[in-house]
2 protein chains.
Amino acid sequence: MPGKQAAAAEETANAGRIRRGQLLHIVESAERAFAEAGFAGTTMTRLAEAAGLPKANLHYYFGTKEKLYRAVLENILTLWLDDMAPIVPERAPAEALGAYIRAKMGHSRARPHASKVFASEILHGAPHLRGFLTHELRRRVAEKTRVIEHWIARGRMAKVDPVHLFFAIWAMTQTYADFDVQMRAVLGCAALGTAEYEAGEQTVLRLVLHGCGLTTEDINEGEQGPCRS
Amino acid sequence: MPGKQAAAAEETANAGRIRRGQLLHIVESAERAFAEAGFAGTTMTRLAEAAGLPKANLHYYFGTKEKLYRAVLENILTLWLDDMAPIVPERAPAEALGAYIRAKMGHSRARPHASKVFASEILHGAPHLRGFLTHELRRRVAEKTRVIEHWIARGRMAKVDPVHLFFAIWAMTQTYADFDVQMRAVLGCAALGTAEYEAGEQTVLRLVLHGCGLTTEDINEGEQGPCRS
DNA sequence: GTCTATATCGAGATAGAC
DNA sequence: GTCTATCTCGATATAGAC
């Protein structure tokens, strides 16, 4: 009975699609909830409210609160590594670092909750991220460090410790997501808008590029896209 | 009976002294415990263990877990504001900013737990610090912003947004306490030692000073202490 | 002032009807 | 697959002996 089989297959596919949709919906709403209160401070009741579902459904899909939290973290990690893609030896240092900083600032603005969940995890000893930090991240940093050293050796930028340069860039860009409450209090504004992000991006670009012996004009050197200084 | 009165007074003084000692001891051990797991993630049992006392004693002294946490926070806040003291119009910009950065880096190294408790509080919306952020901190930043603007107006440093400059300095220096786990994983070392802090301080100094149109040599301009570049 | 024993509540997790 | 009702445990907080 091919008709019945097809219907069954379609049903299975639909079920799978619905299931994946539910999983993604739960993970996304959980990201926001965990960002507000951290792992320990977020209750299953709160997570269920955030997803608009009964608690039992979350347990049905993820088993435990910890497994749901890990799913949220994994959903975030690729962002961090992918942002480093522009840093390749062929590109000009100012252009590559500028693109990296803009990508990081963009993520702070677009995915502030993701940044906060990550920050909270690291802050409290990263018990769920040991492997990621000591393997994937470490490898990626080592790889990009070689690119920076290559630029320095060729005299294309000043001699700066590449690893600490990354620490500085991470800190300055992620702080726009993680510490937004502090910024809003100091600036006296209800929310960080385009103006604040623009000013922040300019400041970070300035410190990093000048610190590396480059100028903000170097940014568009060899770039074909529209000028955006 | 002056003798008895004196003894009673001494006893009271001793009791007061012991009490203050106990309070301080509990607050200091609680700082470490809260830094490890955040407010929600730290149990009274854990706090009691950290202080080496029964749970009931903590409740006797502080009433509730939240009041103990607030005591820890208040113990920390003055640090943040006091570090800004070097920023006065009379000093040379490079020297003042350099002193500020070294003070902040010094605190990250000497009081990493304090930094983490503060970071965790801000990260989760600063429910216990609203007043501090919107009053004390905001006022202090406004005051120091005027100093920076004064330097810029006199052509003593480049035109940089003062508030975002502070955000950048806070982020870059505090990350050495808050994200030490990530740094240790990337660097492959068991603990951040003098070498790492030196390299970090040099990097932060470099980015900030060059970003402000100053050079690292400007730092000792007009300074009478020993050269420490 | 100090500590043991305990009350009370809310958390994560699950059983079982639908 | 979904949800209500419930179990169990560990949390904060306190009562009351010493």
Side-chain angles (χ1 to χ4, degrees), chain A residues 7-27 29-31 33-34 36-73 117 120-121 124 127-128, chain B residues 7-27 29-31 33-34 36-73 117 120-121 124 127-128:
Chain A
E10 191 183 327
E11 207 169 87
T12 308
N14 270 342
R17 203 154 46 79
I18 288 167
R19 185 184 173 83
R20 275 194 303 278
Q22 284 276 45
L23 288 171
L24 187 65
H25 167 67
I26 294 170
V27 166
S29 56
E31 180 180 292
F34 280 128
E36 284 168 7
F39 176 73
T42 308
T43 65
M44 287 299 287
T45 304
R46 177 75 196 80
L47 289 164
E49 280 172 17
L53 292 168
K55 274 198 308 183
N57 293 30
L58 272 58
H59 278 108
Y60 170 73
Y61 281 117
F62 291 92
T64 68
K65 178 183 167 184
E66 184 163 357
K67 281 181 188 164
L68 171 53
Y69 179 68
R70 295 186 97 101
V72 171
L73 274 180
V117 173
S120 185
E121 172 66 14
H124 300 130
H128 306 91
Chain B
E10 193 184 323
E11 206 169 273
T12 308
N14 270 342
R17 203 155 44 82
I18 286 166
R19 186 186 172 83
R20 275 196 301 279
Q22 284 276 45
L23 288 171
L24 187 65
H25 167 68
I26 294 170
V27 165
S29 55
E31 180 180 294
F34 280 128
E36 284 168 7
F39 175 73
T42 308
T43 67
M44 287 299 286
T45 304
R46 178 77 196 80
L47 290 165
E49 281 171 14
L53 292 167
K55 275 195 307 181
N57 293 30
L58 273 58
H59 278 109
Y60 170 72
Y61 281 117
F62 291 92
T64 68
K65 176 181 166 183
E66 184 163 356
K67 282 180 188 164
L68 171 53
Y69 179 68
R70 296 186 98 100
V72 171
L73 274 180
V117 173
S120 186
E121 173 65 15
H124 299 131
H128 306 92

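Computed from a prediction, not measured in an experiment: that's the story for all the values here.
Counting to the nearest Å, the P atom of C:dT14 and the CZ atom of A:F62 are 16 Å from each other. Atom P of nucleotide D:dT2 and atom CD1 of A:I18 are separated by 8 Å, given to the nearest angstrom. In this structure, B:H25 places its NE2 atom 12 Å from P of C:dT2, rounding to the nearest Å. For the pair B:K55 NZ and D:dG16 C1', the computed distance is 16 Å after rounding to whole Å. Atom CD in A:E49 sits roughly 10 Å away from atom P in C:dA11 (whole-Å rounding). Atom-to-atom, CZ of A:R20 to P of D:dG1 comes out at 11 Å; the value is rounded to the nearest Å. Per the geometry, CE belonging to A:M44 stands 18 Å off C1' belonging to D:dA11, to the nearest Å. Taking atom CG on A:L47 and atom P on C:dA13, their separation rounds to 11 Å, with Å as the unit.
When each of C:dT2, C:dT4, C:dG12 is scored by its nearest atom to the side-chain atoms of B:N57, the top-ranked nucleotide is C:dT2. Residue B:T43 places its side chain closer to D:dA11 than to any other of D:dT2, D:dA11, C:dG12. Taking every side-chain heavy atom of A:H59 into account, C:dG12 is the closest of D:dG1, C:dG12, D:dT2. Counting only heavy atoms from C-beta on, B:Y61 has its side chain closest to C:dG1 among C:dC3, C:dG1, D:dC3. Listed candidates were C:dG12, C:dT14, D:dT14. Nearest to the side chain of B:A56 is D:dT14.
Rounded to the nearest 0.5 angstrom, A:F34 CZ and A:R46 CZ are separated by 11.0 Å.
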For this session: May I have the step-by-step check of side chain to side chain contact (heavy atoms under 4.5 Å, CB included) for B:V117 and B:E121, ending in yes or no?
Result: CA-CA 6 Å; B:V117 173; B:E121 173 65 15; 5.6 Å; no
Problem set entry | Residue pair B:Q22, B:L53: steps toward the side chain to side chain contact (heavy atoms under 4.5 Å, CB included) verdict | CA-CA 10 Å; B:Q22 284 276 45; B:L53 292 167; 4.0 Å; yes
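Using a distance-only test at 3.5 Å, with no hydrogens or angles considered, no donor-acceptor pair links the side chain of B:H128 to the main chain of B:L73.
For B:Y60, a side-chain nitrogen or oxygen approaches OP1 or OP2 of C:dG1 to under 4.0 Å. Residue A:Q22 places at least one side-chain N or O under 4.0 Å from the OP1 or OP2 atom of D:dT2.
The one candidate from A:L47, A:I26, A:N57 that meets the side-chain contact (heavy atoms from CB on, under 4.5 Å) condition with A:F62 is A:I26.
Of all the residues in residues 64-72 of chain B, B:T64, B:K65 reach under 4.0 Å from DNA chain D with at least one non-hydrogen atom.
Heavy-atom minimum distance, B:A50 versus B:S29: O-CB, 3.5 Å.
A ring-centre distance under 6.0 Å is not found for B:H124 and B:F39.
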